[in-house]
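A quick write-up on the structure given underneath.
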Amino acid sequence: VKQCVQLSSQNLTLRLRSGFLLYILLFGLVTVAGCELVTEPEPTAPETEAPKWEIPEVSSAMLVGGPTCSNIPGCALALVGGKEGCVCELEGLHVSAAGGLPPPPAPGWPPLPGWTWPEPGVYEGGGYPPPPSGSPCDPFALDSGCGWTATVSCQHGVLRGTPATCTFNIDPADALDRIDGWTFKGDAGNNVTSTFSGSQWVGTAVESGEVTVHFIAGGSEARAVTTLGVVARTWSWDGSKRSFSKGVSGDLDNCQFTGAGLTADVYGCTATDARILINPGPGQGFGISQGSGPNKGLWYVTNPTTRMDLRTQLAKKYRSDATKYPVNGDTTVVNGCLIAYSLNPVPYQNNRGINTNCFNVPDFTALTTSTWSHEAQHLALAQPEAELPANDIYALWEPVVRNSQSLARTRANELQDKAVQRVRSKAAASHTGVITPFQFWYHTGSGIWLWSTITTFH
Amino acid sequence: MLRTSLLFLMALALAPDGLMGQVMMDTSDQSVVLARVRGGDESSAAAFLSQEGRTRSSRELDAFADSLVAIAISLREGDPVAMYRAASAASMALLASALRGHLDERTRSLAELGFGPPVPYARAYESLVRIVEGSDEPGTKGGGLRLLIQLPNVGRAIQYLAEVAAGPDRVTAYEAVYLLGYRTGQMGLARLRRLYNTDAVVEPVARELINSTAIRLGWER
């Protein structure tokens with residue numbers, strides 16, 4: 001006898017005792033993907049018999065890492081609606097279950113039962129199983145069975161760092177005894193607890209998550225649940241906040257030069273630290289603020305102002321705008337300038353003047369040329385690295401939400417530090433370790449011109 | 001859900017009046033916590049390591065720290081932003097698990113929820129050193145040194161920086177000289193000067209930095 005059976009399906013959501021949710025698509029009888037050949041007709045259940053639901057014993061341990069179907073007696077791993085899930089044979093019923101945390105409520109999803117099934121066992125009934133005896137009412141069910149209906153709603157699409165409102169309503173209003181508090185379960189694992197007893201929870205939103213109102217109505221404890229949706233700010237360390245150029249007279253002159261040239265942030269570097277590539281300096285250029293309402297106790301990054309204005313520069317003492325000194329002392333220097341200028345006394349000179357006006361010293365020109373070239377290499381390497389998305393400090397900062405001010409600040413510093421380090425490391429790749437000597441006339445600063453050997457490190 | 005409810009009920013029962021917004025991390029599922037680290041968020045990993053709300057064995061903590069080290073130093077194909085975020089979060093989790101300011105704040109928050117203080121993870125320093133020595137990525141290596149000096153017992157970090165400064169790796173040698181010269185106070189400067197006096201820094205770029213620091217500070221051999 002060839003017997004093909006197909007019955008209509010019912011949707012059912014069960015909240016298991018473990019706290020995990022299994023979405024169960026319960027079929028009155030499975031849609032058989034072929035027909036089964038049996039020798040004898042099997043007895044069929046009377047049409048009037050109510051369906052049964054089996055709540056298997058599922059512990060949290062079984063579900064670590066997601067529902068492990070093979071740990072549920074009578075179940076086997078299978079694809080359910082395109083997702084990994086279970087197909088089970090329970091009490092003669094075929095049950096398919098797709099595991100995992102529930103998706104946010106959306107149109108078309110069945111309402112979430114508000115009660116918790118107390119014990120594993122077989123429950124009978126049609127449609128949604130009724131709440132077990134003694135359970136609180138279900139504020140979300142179409143028929144709550146409580147004589148009142150409660151809802152809570154929060155805003156979605158809230159820009160991080162802007163105000164959001166969650167509102168609790170109960171109808172009729174006089175059914176509410178009191179609100180015991182609100183909780184927030186963030187998507188990043190932050191659980192916020194508050195004894196706030198108002199019906200409207202307002203605050204600065206910084207993280208998406210689940211908001212729950214804990215209340216007493218009609219003498220029973222109940223909960224109402226919804227989600228708060230926060231979206232990222234459009235933060236980017238774009239071209240308006242970064243610039244790279246050859247320095248002009250004055251740029252970087254107040255910064256510490258340890259060699260003939262320098263590439264650094266024109267506003268960030270200091271007289272004691274020329275390595276700074278951003279302005280304001282490390283650990284600055286951002287704020288840390290605290291969320292409030294549902295997100296009180298969570299800290300996030302605000303007001304990014306970090307810029308990178310890299311300039312290259314030749315040490316002022318080798319430039320034409322350097323301080324000029326009297327030409328005296330060494331007779332070779334004095335005579336060379338007298339011949340070049342045909343004036344006595346000759347005009348004051350700096351290093352560039354002596355080596356290019358009074359004399360034509362090739363090494364001096366070579367020093368300045370190679371220094372500009374070397375710094376230009378740093379700049380050329382730094383710019384593309386700084387423009388990489390991986391080093392977009394603003395984008396790295398945007399999602400930072402932490403449960404202490406200290407951690408939020410430390411994290412923001414760390415992200416900034418590492419991005420700058422990557423730029424610095426890339427820019428330093430032009431260093432070959434070669435030390436080159438240059439010989440020319442050099443003013444010692446104590447009024448003496450000396451034929452000197454200056455070495456540069458490239 | 002049940003955990004949240006219990007936490008809430010405990011908070012109501014134990015907390016003083018006016019409890020407003022205290023945060024407790026959910027660290028019940030280690031795989032979820034590690035997934036958050038891979039996503040760039042170290043908060044729950046730090047809570048796990050510092051045993052917020054739950055005592056853990058040193059074996060469990062060390063195994064978890066090993067997982068963080070593996071995340072930080074493993075080479076991954078694909079999106080470098082995601083890779084940096086993950087490596088960065090893994091390193092930061094280790095720092096945060098022993099970061100004084102963070103633990104102080106968490107102590108206050110946990111107390112309001114009726115829990116004891118977090119316990120600094122005892123092997124944060126060793127784990128961070130493993131990241132510095134095991135990573136090939138400049139930001140992770142150099143950044144790891146910067147995290148070390150924020151841990152308690154900066155003297156131990158300074159000793160390590162001195163060893164790294166005298167080593168051949170450009171990124172870490174240069175960074176170590178910089179941190180000794182600019183970020184670790186007089187103790188770091190004293191150690192740097194000993195390196196200078198003994199001509200111990202050999203990596204050329206790091207050597208140039210220590211020499212220029214010596215000039216700035218007027219050191220003579």
Side-chain angles (χ1 to χ4, degrees), chain A residues 15 17-21 60 64-65 116 180-181 183 185 188-196 212 214 223 256 258-259 272-273 275 291-298 388-390 392 395-396 399 401-407 410-411 414-415 417-419 421-422 425-426 428 431-433 457, chain B residues 1-4 7-8 11-12 15 17-29 31-33 36 40-44 46-47 80-81 84-85 88 91-92 95-96 99 101-102 104-106 109 113 138-140 142-143 146-147 150 170-171 174-175 178 182 204-205 208 212 215-216:
Chain A
R15 188 181 296 260
R17 193 183 183 203
S18 65
F20 288 82
L21 290 179
S60 296
V64 167
T116 301
D180 282 336
T183 54
K185 184 176 184 180
N190 295 299
N191 293 331
V192 179
T193 303
S194 169
T195 53
F196 177 66
T212 303
H214 304 256
R223 292 190 300 272
Q256 178 202 25
T258 58
T272 57
D273 190 352
R275 293 175 82 248
S292 54
N295 288 164
K296 188 170 174 61
L298 300 181
L388 288 176
D392 185 333
L396 293 171
V401 176
R402 298 294 183 264
N403 59 9
S404 81
Q405 184 180 24
S406 173
L407 186 56
T410 305
R411 178 62 156 152
E414 186 254 3
L415 289 167
D417 262 353
K418 283 188 176 172
Q421 273 180 324
R422 285 190 284 269
S425 178
K426 181 65 78 174
H431 279 299
T432 57
F457 174 87
Chain B
M1 297 299 289
L2 185 63
R3 169 175 279 271
T4 305
L7 175 68
F8 179 76
L12 290 183
D17 290 343
L19 173 65
M20 295 293 281
Q22 297 305 327
V23 184
M24 181 79 181
M25 300 302 299
D26 181 0
T27 60
S28 56
D29 188 333
S31 62
V32 171
V33 174
R36 289 190 187 122
D41 191 329
E42 74 282 356
S43 316
S44 49
V81 179
Y84 292 153
R85 275 189 204 269
S88 178
S91 303
M92 275 297 300
L95 170 65
L99 186 66
H102 171 63
D104 287 348
E105 283 185 67
R106 295 303 301 145
S109 194
L113 291 167
T140 304
R146 291 186 181 222
L147 300 188
Q150 298 176 61
R170 173 176 289 188
V171 171
Y174 187 72
E175 187 68 15
Y178 178 74
Y182 290 88
V205 181
E208 196 268 344
S212 64
I215 292 169
R216 175 172 69 88

Select one option (side chain, backbone, both, neither) describing which atoms of [X] are under 4.5 Å from chain B's heavy atoms.
| X | result |
| --- | --- |
| A:L388 | neither |
| A:T410 | both |
| A:S292 | neither |
| A:Q256 | side chain |

- From CA spacing to verdict: side-chain contact (heavy atoms from CB on, under 4.5 Å), A:T183, A:H214: CA-CA 8 Å; A:T183 54; A:H214 304 256; 2.9 Å; yes
- Query: Do B:Q150 side-chain atoms and B:L99 backbone N/O form a donor-acceptor pair below 3.5 Å?
  - Reply: no
- Of the listed residues (B:Y178, B:Y174, B:Y182), which shares the most heavy-atom pairs with chain A below a 4.5 Å separation? B:Y178
- When only pairs under 4.5 Å are counted, which of B:S44, B:S91, B:G142 shares the most heavy-atom pairs with chain A? B:G142
- Message: Does the structure place the NZ or CZ of A:R422 under 6.0 Å from the centre of the six-membered ring of B:Y84, at an angle of no more than 45° from the ring's axis?
- Response: yes
What option among [options] has the most heavy-atom pairs under 4.5 Å with chain B?
| options | answer |
| --- | --- |
| A:D392, A:T272, A:L298 | A:T272 |
| A:S404, A:G297, A:A419 | A:S404 |
| A:A395, A:G291, A:P294, A:A188 | A:A188 |

- Message: Between B:R85 and chain A, with a heavy-atom cut-off of 4.5 Å, which part of the residue counts as in contact: side chain, backbone, both or neither?
- Response: both
- Checking heavy atoms, do the side chain of B:V205, its backbone, both or neither come under 4.5 Å from chain A? both
- Out of curiosity, A:R223 CZ to A:D180 CG, how far, rounded to the nearest 0.5 Å? 12.0 Å
- Task: Nearest 0.5 Å please: distance from the CZ atom of B:R36 over to the OG atom of B:S31.
- Result: 9.5 Å
- Closest heavy-atom contact between B:V23 and B:R106? O-NH2, 2.7 Å
- Query: Is the closest basic N to carboxylate O distance between B:D41 and A:R402 below 4.0 Å?
  - Reply: yes
- Query: Can A:K418 and B:S88 be said to form a side-chain contact (heavy atoms from CB on, under 4.5 Å), step by step?
  - Reply: CA-CA 9 Å; A:K418 283 188 176 172; B:S88 178; 4.1 Å; yes
